[in-house]
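Contents: one structure, followed by commentary.
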Amino acid sequence: MRAASRQAQPGAGERNCARESLSDGRPGARIWEHAGAGRLSGEQATLLMRAMLSAGLDTTVIAIGNLLRALAHDPGQ
């Protein structure tokens, strides 16, 4: 299929940021509550959700890397 004729399909990240994918009362759902009240646009809500997911992923990857480094340096711990 040629790129010009393909329609954009939402990826896993976009599906995870969608309102219907979130649990009520959680931070992501609260962002969408603000969007529903008109304080944010849908685009802004999606960008905020993606920023939160990215920050959590970066922190997790760095923590696992530091753990592996510490274990390699001193396997007896």
Side-chain angles (χ1 to χ4, degrees):
M1 205 182 319
R2 290 180 12 184
S5 65
R6 259 188 292 177
Q7 290 185 346
Q9 297 291 322
E14 290 179 34
R15 285 190 303 271
N16 291 337
C17 294
R19 171 63 188 109
E20 56 274 3
S21 299
L22 304 171
S23 300
D24 290 336
R26 305 290 302 222
R30 299 206 54 214
I31 288 172
W32 281 105
E33 288 172 13
H34 287 281
R39 293 187 284 267
L40 296 171
S41 69
E43 183 178 343
Q44 290 171 320
T46 300
L47 289 173
L48 283 170
M49 288 297 305
R50 293 178 93 176
M52 285 178 30
L53 288 172
S54 295
L57 179 64
D58 289 348
T59 303
T60 302
V61 168
I62 290 169
I64 291 171
N66 286 333
L67 171 68
L68 293 174
R69 181 174 178 245
L71 290 173
H73 179 68
D74 189 1
Q77 283 190 345

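We're numbering straight along the sequence, starting at 1.
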Tell me the closest heavy-atom pair linking [X] and [Y], and the distance in Å.
| X | Y | answer |
| --- | --- | --- |
| Leu40 | Ile31 | CD1-O, 3.8 Å |
| Pro75 | Ala72 | CD-O, 3.9 Å |
| Ala45 | Ala35 | CB-CB, 4.0 Å |

Which of these, Ile62, Leu68, Asn66, Leu67, sits in a side chain to side chain contact (heavy atoms under 4.5 Å, CB included) with Ile64?
Leu68
CZ on Arg69 to CG on Asp74, rounded to 0.5 Å:
12.5 Å
At what distance, to the nearest 0.5 angstrom, does CE of Met49 lie from OG of Ser54?
10.5 Å
Transitive ILVMFWY side-chain link Met52 to Trp32, under 4.5 Å:
yes
